[in-house]
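Have a look at the structure below before the remarks.
For clarity, every value in this text was computed on a predicted model and none was experimentally measured.
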Amino acid sequence: MITNSPPIAMALNNHKDVEVIMIGRTLFKQSMVNLGVDTFEALHTMRADLYIMGIYKIDFQIGISVPSLLEALVKRKMASISTEVLGMVTNDKLDTISNHIVCPTDKLTYLITEQIKPDIKKLYKKQRINIID
């Protein structure tokens, strides 16, 4: 398990069958994740089967976005080194946009959300995203 999130690393610490690789040195307190050059550079030598992405904002046309440039760069890199990308989002974040684009929505393999409106669900399914609600 590769993570840049100290809370996730600590939660997985007690699972004896899970190896936890913590990346990055600079803590972005607002999101409780490590960001910066060290985090980004570490990802150049890694490969992942699945990236579980917490989504700050998502818009069908614009894509996935966050308020921090560094967070956008790290999330984009994590998505690019992963075979599949699972996004988790609450309904209040659907059809919203923030300052920095992470990636287009079609980069997602799965989207986990609360019960989603049928018309919005249809838009994401057209991009062959598996919706789990």
ask   = In Å, rounded to the nearest 0.5 Å, how long is the span from CG of D49 to OG1 of T83?
value = 5.0 Å
ask   = Out of T90, V89, D95, which one pairs with D92 under the side chain to side chain contact (heavy atoms under 4.5 Å, CB included) rule?
value = T90
message = Is there a side-chain contact between F40 and H44 in this structure, where contact means two heavy atoms from C-beta onward sitting under 4.5 Å apart?
response = yes
ask   = Should V102 and L73 count as side-chain neighbours, where that means a heavy-atom distance under 4.5 Å?
value = no
query = At their closest point, which heavy atom of T105 faces which heavy atom of F60, and how far apart are they?
reply = OG1-O, 3.4 Å
ask   = Considering residues at least two apart in sequence or located in another chain, which fulfil the side chain to side chain contact (heavy atoms under 4.5 Å, CB included) criterion with T96?
value = K57, K93
inquiry  = When you compare the side chain of P67 with that of Y56, does any pair of heavy atoms fall below 4.5 Å?
reply    = yes
ask   = Quick check: are there more than 12 heavy atoms from other residues, nucleotides or ligands sitting under 6.0 Å from CZ of R128?
value = no
ask   = Got L27 and P6 here, is their nearest side-chain heavy-atom distance under 4.5 Å?
value = yes
query = How long is the span from the CD1 atom in I120 to the CD1 atom in I58, to the nearest 0.5 Å?
reply = 10.5 Å
message = To the nearest 0.5 Å, what is the distance between CE on M53 and OG on S82?
response = 8.5 Å
inquiry  = Taking I81 as the starting point, is it possible to reach L35 by hopping between hydrophobic residues whose side chains are less than 4.5 Å apart?
reply    = yes
message = So, taking the atom named CD1 in I97 and the one named CD in Q61, what distance separates them when rounded to the nearest 0.5 Å?
response = 8.5 Å
ask   = Residues in salt bridge (Lys or Arg N to Asp or Glu O under 4.0 Å) with K121, at least two apart?
value = D133
query = Around M10, counting heavy atoms of other residues, nucleotides and ligands shown, do more than 12 lie under 6.0 Å from its CE?
reply = no
message = I'd like to know if the side chain of K75 and the backbone of G54 have a donor-acceptor N/O pair within less than 3.5 Å.
response = yes
inquiry  = Minimum heavy-atom separation for I131 and Y124, please, with both atom names.
reply    = CD1-CB, 3.6 Å
message = If hydrophobic clusters are built by linking Ile, Leu, Val, Met, Phe, Trp and Tyr wherever their side-chain heavy atoms come under 4.5 Å apart, do L94 and L86 end up in the same one?
response = no
ask   = Do any N or O atoms from the side chain of R76 and from the backbone of I101 form a donor-acceptor pair under 3.5 angstrom?
value = yes
query = Can you tell if the side chain of L43 reaches within under 4.5 Å of the side chain of V74, non-hydrogen atoms only?
reply = yes
inquiry  = For a quick test of reading the model, state the closest non-hydrogen atom pair linking Y110 to I132 and the distance between them.
reply    = CD2-CD1, 4.2 Å
message = Has N34 got a side-chain atom pairing as donor or acceptor with I23's backbone, closer than 3.5 angstrom?
response = yes
note = In short, S31 meets E71 closest at the heavy-atom pair OG-OE1, 3.2 Å
message = How close do E84 and T109 get, counting heavy atoms only, and between which atoms?
response = CA-OG1, 3.4 Å
Donor-acceptor pair, side chain of S98 and main chain of H100, under 3.5 angstrom = no
query = Does a sphere of radius 6.0 Å around CD in E114 hold more than 12 heavy atoms from other residues, nucleotides or ligands, not counting ones at 6.0 Å or beyond?
reply = yes
Gap between atom CD1 of I129 and atom CD of Q127 - 0.5 Å precision = 4.5 Å
Hydrophobic cluster membership, I52 vs V66, 4.5 Å side-chain cutoff = no
request  = Using the rule that two of Ile, Leu, Val, Met, Phe, Trp, Tyr join whenever any of their side-chain heavy atoms come within less than 4.5 Å, decide whether L12 and M22 are in one cluster.
outcome  = no
task = Identify whether I112 and I64 are in the same connected component of the hydrophobic contact network (ILVMFWY, side-chain heavy atoms under 4.5 Å).
result = no
ask   = So which heavy atom on M78 is nearest to which on N4, and how close?
value = CE-OD1, 3.8 Å
key: Intermediate values then yes/no, side chain to side chain contact (heavy atoms under 4.5 Å, CB included), S68 and F28   = CA-CA 10 Å; S68 161; F28 182 56; 3.9 Å; yes
Verdict with reasoning, I55 to L111, per side chain to side chain contact (heavy atoms under 4.5 Å, CB included) = CA-CA 10 Å; I55 295 178; L111 182 62; 4.0 Å; yes
request  = Consider only side-chain N and O atoms of T113 and N91, and report whether a donor and an acceptor are under 3.5 Å apart.
outcome  = yes
